[in-house]
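One structure is given below, encoded as structure tokens.
Numbered from 1 within each chain, the chains take letters A, B, ... in sequence-line order.
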2 protein chains.
Amino acid sequence: MFIQIDNSSDRAVYQQIIDQVKRLVALGQLKVGERLATVRELAGDLLINPNTIGKAYRQLEQDGIIVTRPGSGAFVAELSSNLSDSVRERILMEQMELMVVDAVHMQVDGKTLRKWFDRTLKKFKIE
Amino acid sequence: MFIQIDNSSDRAVYQQIIDQVKRLVALGQLKVGERLATVRELAGDLLINPNTIGKAYRQLEQDGIIVTRPGSGAFVAELSSNLSDSVRERILMEQMELMVVDAVHMQVDGKTLRKWFDRTLKKFKIE
DNA sequence: TATATTGTACTAGTTGATGTAGTACAAGTG
DNA sequence: CACTTGTACTACATCAACTAGTACAATATA
């Protein structure tokens, strides 16, 4: 499990862990059923408090990304989403709009943005 | 200027103001040179402290979105970006990846995501 | 069975961001 | 001149994030 913390980031540490675990799962670099690093292992590697890892793992479990079993470890869960279509659309459109608004102010043209979008879809194999 | 604050959001109030001003400018609903609501006006309308509006306006000026002149008001600036191409790409790719990772976990397929992306480009007229 | 491991829960405390409240001031307007 | 406007400053309260330490129930292992 290759996870890195950027202390200069304004994103909370526990949130960075959540982001990266979700990213690894989406990329297929963490497969369904695979065991994650333990709370204490990861805390030791990253030099942060075990409670911070615990908070991230609990959030990941609540989001259905992983399953945890005390005494055994944390494991990647099956892909599933209990959200309605409208909620899915609202969440993703909000993120998409924030990104496009930034693109407009950075004067990035549609052609370039579309190129990056296609590249990202390919990277995550959802094309 | 139609700005709304969502108190149930986990996004800071001053950040919501920044988001929405940038969005209005990107949509063309706030045009270059147009005058924004004054700090005290907006604070009165939204029932929040003038300092919070001031913080948002100062951030917007630092980001080159608006120009402020004491005694006169705050005005929409010309579109411009002094960021390098590599920085632009890094910022946008990061937002794009976070969005796509969520899409994967929500089991939204590429066709649907592409449809929403096209719709967003059209909305901001950068197609 | 006994021991170690693992995720979870809890308290206590620190730090920093956020927001409120109030005042004051320099620059521009009319 | 009086008035408006953005800015700056202090003081204060609240909350999220994080650290530190301890303890516990469930599981795995020898």
remark   = Closest to the side chain of A:Ala74, out of C:dG7, C:dG19, C:dT20, is C:dG7

message = Is it the case that the side chain of B:Gln59 and the backbone of B:Ile18 share a donor-acceptor pair, with hydrogens and angles ignored and the cut-off at 3.5 Å?
response = no

query = Touch check for B:Glu61, heavy atoms < 4.0 angstrom, all strands: base, sugar-phosphate only, or nothing?
reply = sugar-phosphate

Polar side-chain contact A:Asn51-C:dG7 base: donor and acceptor under 3.5 Å = no

message = At less than 3.5 Å, do the side-chain atoms of B:Asn49 and the base atoms of C:dG22 form a donor-acceptor pair?
response = no

Pair B:Thr68, B:Glu61: side-chain N/O donor-acceptor within cut-off below 3.5 Å = yes

query = What's the CZ-C1' distance between B:Phe75 and D:dG6, to the nearest Å?
reply = 11 Å

key: From B:Leu92 atom CG to B:Glu94 atom CD, the distance as rounded to the nearest 0.5 Å   = 10.0 Å

task = Using a cut-off of strictly less than 4.0 Å, decide whether B:Tyr14 has a side-chain nitrogen or oxygen near OP1 or OP2 of C:dT18.
result = yes

request  = Looking only at side-chain atoms of B:Ser72, point me to the closest of D:dC18, D:dG6, C:dT29.
outcome  = C:dT29

message = Counting only side-chain heavy atoms from C-beta out, which of D:dT19, C:dT20, D:dA17 sits nearest to B:Ile48?
response = C:dT20

query = Any idea which of D:dG6, C:dT18, C:dT6 is nearest the B:Thr68 side chain?
reply = D:dG6

ask   = OP1, OP2 of D:dA17 versus side-chain N and O of A:Lys55: anything below 4.0 Å?
value = yes

inquiry  = Can you confirm whether the side chains of B:Asn49 and B:Thr52 place a donor and an acceptor under 3.5 Å from each other?
reply    = no

ask   = Do B:Arg40 and D:dG6 share a donor-acceptor pair, side chain to base, under 3.5 Å?
value = yes

request  = When you get a sec, tell me which of D:dT5, D:dA17, D:dT19 is the closest nucleotide to the side chain of B:Pro70?
outcome  = D:dT5

task = Would you indicate what A:Arg35 reaches in the nucleic acid, counting non-hydrogen atoms under 4.0 angstrom: base, sugar-phosphate, or nothing?
result = sugar-phosphate

